[in-house]
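Structure first, then comments.
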There are 2 protein chains.
Amino acid sequence: MDVKGILLSHLRDTIDLNTEEESIVLDSYTERHLKKKEVLLFAGEISNHMRFIAKGSLRAYHMDEEAKEHIVQFGIEGWWVNDLYSYLTETPAKQFVQAIEPTIVLQIHRDTLNKLYEKVPAIERFYRLKFEKAYVALQDRTINSMSKSAEERYLEFRSKYRSIEQRVPQYMVASYLGITPEFLSALRKKIK
Amino acid sequence: MDVKGILLSHLRDTIDLNTEEESIVLDSYTERHLKKKEVLLFAGEISNHMRFIAKGSLRAYHMDEEAKEHIVQFGIEGWWVNDLYSYLTETPAKQFVQAIEPTIVLQIHRDTLNKLYEKVPAIERFYRLKFEKAYVALQDRTINSMSKSAEERYLEFRSKYRSIEQRVPQYMVASYLGITPEFLSALRKKIK
DNA sequence: GGTTAATCTTAAGGTGTATTAAGAAAGGGT
DNA sequence: ACCCTTTCTTAATACACCTTAAGATTAACC
């Protein structure tokens, strides 16, 4: 399946589109090819696009004052990854978005998307649901990190995102969990 | 100013309403009076209302498997407090919402609000902005709790929410910060 | 105003996780 | 195939934060 076909079948999981709408929608996205480690969004920039991963994987991370990275979100094929904060408020992003592997992204500019909402109302519904889901995921993550130990968080991560764990380096999983790679290594040894 | 007047002037900070719209809008909200410690939303229930604090203060908290409470959000006059997750997805709430002091809330049911969106479009804009802001606040909080020490988080809390710190018990501030009351007490002693 | 309950503090000892440093293993490029 | 870089592990030491227990304040109630 070609790249836009992947997006189309993803949209069809949630909404119905007729043939005319399909072509209007797909024409609104542009394809971007990223090398491993290539940065798609820099902190400080305004995020002007919604971004869909057709192939590969991304990470969104925050960099603190001591230049330490904290991974906020992973994404693989079929996921949307962005600094939603920046996109919604048109303020400078606090996160970087970077390719973990060679990655193909389909992205749509805010202005294009706003026009598309009027031409194809089902798309507005699609994104409204995405925004809700993003909120829900973030709330889960916040509650989780407040009330669970690193070991519990790791076990949950493993059962929920096994496919991600197998594809990204362990030190990134540690960063996502909010612990050091050394401690994750010790945890893994203990659990096994 | 009466209770509904407080809500009206709050709405006017963001949107314009003509006289007819004002009365349609205000008639859509119902007033609820809460005693100290009275619970407005129980975990497990579906949150069906958007809730505005006209007077008093609320807290939203999550209870973990060991029955320990973790405060997710405080609210005082002029704030909206809810389990947005539950409201948006119509799934059981993961948080409790409880009055810290005697409190007056104005609330609107989801069905009423959905109809109101059509009658008074400015209201849709108002809530869209609220939802965005809620997301932003949650993202800040998540990043913050991942990358800062308890001392840093406390100092930030103090400068950002001094009015709240003065009104709620210290052990609740500790819960919000994700630390024990004993450790917060030690921190305060050290800082002073 | 006295009693009880709620909240805050202190202190000792314990646990979870970080830091540092080093080496081992795996992966990528030419 | 080899070298160089990236990733993962081990182990010793250190620190942030927790637990438990007790006492000191402050607030709430009859």
Check: R110(B) and I46(B) side chains under 4.5 Å, non-hydrogen atoms: yes
Residue-phosphate contact under 4.0 Å: K36(B) side-chain N/O, dA28(D) OP1/OP2: yes
Side-chain N or O of Q170(B) closer than 4.0 Å to phosphate OP1/OP2 of dT9(C): yes
L187(A) CG to dA18(C) C1', straight-line distance once rounded to whole Å: 13 Å
Spacing between E151(A) atom CD and dT17(C) atom P, to the nearest angstrom: 9 Å
Side-chain H-bond candidate by donor/acceptor type, Y171(B) with E69(B), under 3.5 Å: no
Closest nucleotide among dC8(D), dT19(D), dT10(C) to the K68(B) side chain: dT19(D)
NZ or CZ of R141(B) within 45° of Y176(B) ring axis and under 6.0 Å: yes
Note: E132(B)-R128(B) ion pair, threshold 4.0 Å (strictly below): yes
Atom pair distance, as rounded to whole Å: CE in M146(B) and P in dT17(C): 14 Å
Protein-nucleotide distance (R188(B), atom CZ; dC17(D), atom C1'), rounded to Å: 18 Å
Along DNA chain D (nearest heavy atom to each residue), the more 5'-positioned of S149(B) and V168(A): V168(A)
Nucleotide dC17(D), atom P - distance to NZ of K148(B) in whole Å: 14 Å
Crowding at NZ, K130(A) (>12 non-hydrogen neighbours, <6.0 Å): yes
For atom CD of E152(B) and atom C1' of dA16(D), their distance in whole Å: 12 Å
Nearest-angstrom distance from the residue atom CD1 of I100(B) to P of dT7(C): 11 Å
Sugar-phosphate, base or nothing in reach of K190(A), heavy atoms under 4.0 Å: nothing
Strand DNA chain C as a dot-bracket string - pairs counted if Watson-Crick or G-U with both distances under 3.5 Å, | where the partner lies in another strand: |||||||.||||||||||||||||||||.|
Tabulate protein N/O versus nucleotide N/O from nucleotides 12-15 of chain D, keeping only pairs under 3.5 Å, one per line.
none

Within 6.0 Å of CG in D2(B), more than 12 heavy atoms from elsewhere: yes
Euclidean distance, atom CD of residue E101(B) to atom P of dT7(C) [Å, nearest integer]: 12 Å
Distance-only side-chain donor-acceptor flag, H109(A) / Q107(A), under 3.5 Å: no
Residue E20(A) excluded, over 12 heavy atoms near CD under 6.0 Å: no
Near-strand residues of residues 171-186 of chain A, defined as heavy-atom separation under 4.0 angstrom from DNA chain C: G178(A), I179(A), T180(A), E182(A), F183(A)
Heavy-atom side-chain proximity of Y87(B) to N48(B) below 4.5 angstrom: no
N82(B) and S47(B): side chain donor to acceptor below 3.5 Å: yes
Note: K148(A)-E66(B) ion pair, threshold 4.0 Å (strictly below): no
Cation-pi, Y29(A) ring and R51(A) (6.0 angstrom, 45 degrees): no
